[in-house]
Protein chains: 2
Amino acid sequence: MSVVWFNGAIVEGPLSLDPRDRGLLLGDGLFETILVLNKTALWRHMHLARMEGSANALGLAFDRARVDAAVDALLAVSTASRQALRVTLTRGAGPRGLAGNGGPSTLLASLEPLDPQSLFEPVTLARSLIRRSAASPAARHKTLSYIDNIAAAREAAARGAGDALMLNTDGAVACSTIANVFLLRDRMLITPARDQAILTGVMRQALLAAAHRLGFKSEERRVALEELHMADAVFLTNSLRIVRTVKSLDGKPLATGDLTPLIAALCDAARLQCGRDPRLI
Amino acid sequence: MSVVWFNGAIVEGPLSLDPRDRGLLLGDGLFETILVLNKTALWRHMHLARMEGSANALGLAFDRARVDAAVDALLAVSTASRQALRVTLTRGAGPRGLAGNGGPSTLLASLEPLDPQSLFEPVTLARSLIRRSAASPAARHKTLSYIDNIAAAREAAARGAGDALMLNTDGAVACSTIANVFLLRDRMLITPARDQAILTGVMRQALLAAAHRLGFKSEERRVALEELHMADAVFLTNSLRIVRTVKSLDGKPLATGDLTPLIAALCDAARLQCGRDPRLI
């Protein structure tokens, strides 16, 4: 059962959308997907702050109170213990032409069930030929213009892999289509830096903070593809699935070192947010 | 007055759109914009063939008869002498996840008035810092994921220019946010090749064919930025505005050699398509 909030209220059935909405016509907008546990939207502030920062960068109007109202309305009717909350913001309807400002922004939010198996589930990766460019807003911001990621994900699925590993135009590791990539080596966490054409994930930031508290060192830098094969473990982070070990890349097995302390640290951080019941994660 | 056709019929007011439509949520779809003169959709077959080719490449269902029905329905009610017809195809509604197939595709088409001044109107360009990657479906296909072009167009507008000149990740000339770039030098037409991260425009193809008939030679190849300042003329081509001279780049004037024979050749080609009244262009 999914619940949808649209421009001010929970709605049933189809949306009434202006045919000139720039989200639909031009991918002109942003989104966030937030893990909801026990009626709590985890890392909510980090998600909405990221959306606000990207909205400012792209010249999209962002009304935090309106977004908070949408999130609160959905949390109030949340029933399952684990759900995915997606917030979608578009530049609204406008006349033809790319540079226009659009009308009032369109705000859509939805709450959907989340397969509990998908959290922490190990994954296989296939390398994509689609390269991410650091000089591209589509690569840096979580915009509605997701076709590169879609094409990479479909290509990976066709090859039997769970997700695609995307490199940047420099040939270095960037991220998967839906997650950041981390390497663990000698208690050192290594992840592509912000300038490597990655989307800066909320879970990436949460993990770096949690790992620091546990005494892991971390490096954010250029990561060569070969390094994945030399790591003690390679894993993905994202907001809905937290941490997932990468079992193999293009069919070649990768080392799957113990991530238990990192996962425990993230779960602790999440428990602090979602309250009393530690069994929820 | 704009007219909208949606999933089988002309509709008034807002669309009834599934909130899980992948066009709205993920920019997962394609579009074409077609010049309509005197109830004729110019270069119609080339537009729809391009959309079909891109749909096949991206794994989107494409039903030519359905698209033709949408175009025909709008042409039947076309009243103005010059209009813009846009066809938008999305992968339809689907469950969460990038790699999914979506449901039946969503087809939207609209007919809008076109400012007659915009045809052939000279334009100023500002160079964008956003680079186009040849290894990106968003750069090669006319997808709904247009945020890079939008950001570049907004940046150019903020600097007082009419459009942005986009380079590729190799630093060579690619295209503008809505048009292909041509150089004219000693009766030689030069334009970035298909592998230069360009969208292969319908008007680009039509112009190359028309120029060949007129005895112009042409080269499709890598084009260095410096070459723009050495050309006899620089111009943009796209389907709605046909040909526009580029007057300046980043405020520096460019040579504006005579494009009359090329424009006349394109007008001849268009007149052949739109029938009896040559004053229409």
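Naming convention: chains lettered A, B, ... in sequence-line order (proteins, then strands); numbering from 1 in each chain.
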Discussion item. As an exercise: rank Gly23(A), Gly27(A), Pro137(A) by heavy-atom pairs under 4.5 Å with chain B and give me the winner.
Written reply: Pro137(A)
Fill in: Ser133(A), part contacting chain B, at a heavy-atom distance under 4.5 Å
side chain
Discussion item. Does any backbone or side-chain atom of Ala84(B) lie under 4.5 Å from a heavy atom of chain A? Answer side chain, backbone, both or neither.
Written reply: side chain
Worksheet item: Can you tell me if Arg66(A) and Asn7(A) form a side-chain donor-acceptor pair at under 3.5 Å?
Response: yes
Worksheet item: chain B heavy atoms under 4.5 Å from Ile147(A): which part of the residue, side chain, backbone, both or neither?
Response: both
Practice prompt. State, without any angle test, whether Asn238(A) and Arg244(A) hold a side-chain donor-acceptor pair at a distance under 3.5 Å.
Written response: no
Response to the item:
Among Ala152(A), Ala135(A), Ala153(A), the residue with the most heavy-atom pairs under 4.5 Å to chain B is Ala135(A)
Response to the item:
Interface check, chain B: of Ala99(A), Gly29(A), Ala164(A), most non-hydrogen pairs under 4.5 Å belong to Ala99(A)
Discussion item. Can you confirm whether the side chains of Asn149(B) and Thr177(B) place a donor and an acceptor under 3.5 Å from each other?
Written reply: no
Worksheet item: salt bridge (Lys or Arg N to Asp or Glu O under 4.0 Å) with Asp18(A): which residues, sequence neighbours excluded?
Response: Arg20(A)
Practice prompt. Name the option with the most non-hydrogen atom pairs under 4.5 Å to chain A; the candidates are Ala158(B), Gly100(B), Ser136(B).
Written response: Ser136(B)
Fill in: Contact origin within Ser128(A) toward chain B - heavy atom pairs under 4.5 Å
neither
Worksheet entry | Min side-chain heavy-atom separation Cys175(B)-Arg132(B) under 4.5 Å | yes
Worksheet item: So what's closer than 4.5 Å to chain A heavy atoms on Leu108(B): side chain, backbone, both or neither?
Response: side chain
Item to complete: Tell me, out of Glu155(B), His141(B), Glu112(B), who's got the most heavy-atom pairs with chain A below 4.5 Å.
Response: Glu112(B)
Discussion item. For Arg50(A), I'd like to know if atom CZ has over 12 heavy atoms of other residues, nucleotides or ligands within 6.0 Å.
Written reply: yes
Worksheet item: Where on Ala151(B) is there a heavy atom nearer than 4.5 Å to chain A: the side chain, the backbone, both, or neither?
Response: side chain
Discussion item. If you define the side chain from C-beta out and look only at heavy atoms, does anything of Ile242(A) sit under 4.5 Å from Thr237(A)?
Written reply: no
Fill in: When Leu24(A), Val4(A), Asn101(A) are compared by non-hydrogen pairs under 4.5 Å with chain B, the top option
Leu24(A)
Discussion item. Does any backbone or side-chain atom of Thr143(A) lie under 4.5 Å from a heavy atom of chain B? Answer side chain, backbone, both or neither.
Written reply: side chain
Item to complete: With the side chain counted from C-beta on, respond yes when Leu85(A) and Thr33(A) share a heavy-atom pair under 4.5 Å apart, and no when they do not.
Response: no
Side chains of residues 86-97 of chain B: which donor-acceptor pairs under 3.5 Å do they make with residues two or more places apart or in other chains?
unit_1: Arg86(B); atom_1: NE; unit_2: Thr88(B); atom_2: OG1; d: 2.8
unit_1: Arg86(B); atom_1: NH2; unit_2: Leu25(A); atom_2: O; d: 2.6
unit_1: Arg86(B); atom_1: NH2; unit_2: Thr88(B); atom_2: OG1; d: 3.4
unit_1: Thr90(B); atom_1: OG1; unit_2: Asp21(B); atom_2: OD1; d: 2.9
unit_1: Thr90(B); atom_1: OG1; unit_2: Asp21(B); atom_2: OD2; d: 3.2
unit_1: Thr90(B); atom_1: OG1; unit_2: Gly92(B); atom_2: N; d: 2.9
unit_1: Thr90(B); atom_1: OG1; unit_2: Thr106(B); atom_2: OG1; d: 3.4
unit_1: Arg91(B); atom_1: NE; unit_2: Asp28(B); atom_2: OD1; d: 3.1
unit_1: Arg91(B); atom_1: NE; unit_2: Asp28(B); atom_2: OD2; d: 2.5
unit_1: Arg91(B); atom_1: NH1; unit_2: Leu58(B); atom_2: O; d: 3.3
unit_1: Arg91(B); atom_1: NH1; unit_2: Gly59(B); atom_2: O; d: 2.9
unit_1: Arg91(B); atom_1: NH2; unit_2: Asp28(B); atom_2: OD1; d: 3.0
unit_1: Arg91(B); atom_1: NH2; unit_2: Leu58(B); atom_2: O; d: 3.1

